[in-house]
Amino acid sequence: MTFLDVKNVTHHFFKEQQVATALENVNFSVGAGEFVSFLGPSGCGKSTLLSLLAGLLTPTAGEIQFAGDVEIGYMLQQDFLFPWKTIEENVALGLTLLKRENHDIVDELLEQFELAHTKKLYPPQLSGGMRQRIALARTLAVKPTLLLLDEPFSALDFRSKLSLENFVSETLKQFSTTTILVTHDISEAIAMSDKVFIFSARPGTILKSFIIPQEIRELTPFDARNAPAFQVLFQEIWEELDTDEY
Amino acid sequence: MNIDQLQQQYNEQRRQEKRKIFAFQFVILIGLLLLWEVTTHFRILDPLIFSSPRAVGSMFIAKISDGSLFPHIAITMFETVVGFILGTLFGTLLAISLWSSKTFADVMDPYLVVLNAMPKVAIGPIILVIFGPNMLAVLVMGVLISVIISTLVIFSAFQQVNENYVKVMQLFGASKYETFRHVILPASTPTIISTLKVNVGLSWVGVIVGEFLVSSSGLGYLIISGFQVFNFTLVFLALLIIIVLATIMYKGVEMIERKVLEKQ
Ligand SMILES: Nc1ncnc2c1ncn2[C@@H]1O[C@H](COP(=O)(O)OP(=O)(O)OP(=O)(O)O)[C@@H](O)[C@H]1O
Ligand SMILES: [Mg+2]
């Protein structure tokens, strides 16, 4: 079942001096419950595409269609927790604004993320990995049906990144949330996704898509990295991006 | 020696250091007063112009006991506190209205620049004519002098709030008011508090100048009237009281600042 359909989307940024074309003729679709990743050179318009999907920007041309109502959760490139609010208040932010205040959801999430003890603390008192998890909790608290993740693990050290990948993958399977992940890390894309889209340099357009084989999908992101099929796919995507002057 | 003892030793050293500094400060104060007394006593400085600590002291006691000083102190304090609060409040409200409409902010920009550059005390006589020679004119003066600069500083703090925090709010469908309440205001609180400190000083300037002009009551009036009858003991008395009160107010605001910032 198609959950999201993007048709011929083009986006220009208008400035006084010039027009920058960020995206050109982007076409793809995502099925319900699928996890897809975007890979592409820096500045090719991946974050722009997420902003378009989230409704922060309106595409200059083309259409974005959702099957029915969607609640979008968008996790920005950095955590952007509010330092003047406690962890608890940060996680509850979306619920507060949508007038659906519910302490049980917040407590449950914090419990599940093993961060219940940080409830009354403030973001600067937490480590980068913890803050990233809180930002994810804040995004998930409103129970989004479409989750947009913009390089959520890029600021983390390798170990925290791997453990957080496992954690996110597990959590999202439970919620069966449709997810789009933007990343620069080919391994991460393969290990976490069902499908990987490769973008060209700016103006970004989809060059190729890779379906991740079932044998990799079944494994946790950490174990997936050791699967035999993983290396083959990594090589293929690497070469694709190489010709793309990555 | 164990760690506890070392810690105690360290604290003891710190306390001694502090006591030493305080002693120096106290000696300087006494020295200045003595110098003032001696130079005027031996007429190195003209006592008619520079008065003397003893003269100021005895006038202070006389005016306290006949009750003629207190009303002036009360009036000036009231005007300064009200001018300070209103100046900051109006400044904040103006900054909010500028923030809430980009068009309004762009339109107002040149006017704010001009108003800010203009020396506010220069329009004192006009204010006096408009509001009459009463307390209202003094209050207007006290407010006017701080309101524009507060507006500009607070508005620029609003604008400097990381736009990604605002984006987070947009993603949750927040209204402009909610964005203000949850992001803009808390993010700018430190700036607003630091304008408070500046405004304490500015309000004193505005109020004293206002009292010079209105010339009916208050410590500024005492300075002007003392000057007119060449009673410089009165001028120094009023001046010293202003210094003490302004310092107390400034320290009070500093305490509020610490309290608020601690909470954040
Ligand atoms: N608000 C904006 N105004 C003008 N140009 C913009 C704006 N936002 C992005 N761009 C331009 O659009 C292009 C795509 O930007 P975008 O942030 O989407 O890239 P990205 O693929 O997410 O890059 P990265 O991987 O480095 O995060 C870039 O060339 C950028 O300069
Ligand atoms: Mg980006």
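Throughout, protein chains are lettered first and strands after them, A, B, ... in sequence-line order, and every chain is numbered starting at 1.
Side-chain contact between B/N164 and A/Q78 is absent, with no heavy atoms from C-beta onward closer than 4.5 Å. Looking at heavy atoms from C-beta onward, B/M169 lies in side-chain contact with A/F82 at the 4.5 angstrom threshold.
Within 6.0 Å of OH on B/Y177 lie no more than 12 heavy atoms contributed by other residues, nucleotides or ligands. Other residues, nucleotides and ligands place no more than 12 heavy atoms under 6.0 Å from the CZ atom of B/F78. By the 6.0 Å contact criterion, NZ on B/K251 is open, its count of non-hydrogen atoms from other residues, nucleotides or ligands being 12 or less. Atom CD of A/Q174 sits in a crowded spot, with more than 12 heavy atoms from other residues, nucleotides or ligands closer than 6.0 Å. Residue B/R14 qualifies as open at atom CZ: its count of foreign heavy atoms under 6.0 Å is 12 or below. In the displayed structure, A/Q125 atom CD is contacted under 6.0 Å by more than 12 heavy atoms of other residues, nucleotides or ligands. For CD of A/E71, the number of neighbouring non-hydrogen atoms (other residues, nucleotides, ligands) closer than 6.0 Å is greater than 12.
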Side chain to side chain contact (heavy atoms under 4.5 Å, CB included) assessment of A/T139 paired with B/L171: CA-CA 10 Å; A/T139 314; B/L171 286 167; over 6 Å; no
Candidate pair B/V168 and A/R138, rule side chain to side chain contact (heavy atoms under 4.5 Å, CB included), full reasoning: CA-CA 10 Å; B/V168 170; A/R138 174 174 73 181; 3.7 Å; yes
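If you tally non-hydrogen atom pairs under 4.5 Å between each of A/L95, A/L56, A/L81 and chain B, the highest count goes to A/L56. Chosen from A/I72, A/V142, A/L93, the residue pairing most often with chain B at heavy-atom distances under 4.5 Å is A/L93.
Residue contact with chain B, scored on non-hydrogen atoms closer than 4.5 Å, involves the backbone and the side chain of A/L97 alike.
Between B/Y165 and A/P83, the closest heavy-atom pair is OH-CD, 3.5 Å.
Side-chain atoms of A/W84 come within 3.5 Å of backbone atoms of B/H182 as a donor-acceptor pair (strictly under, hydrogens ignored).
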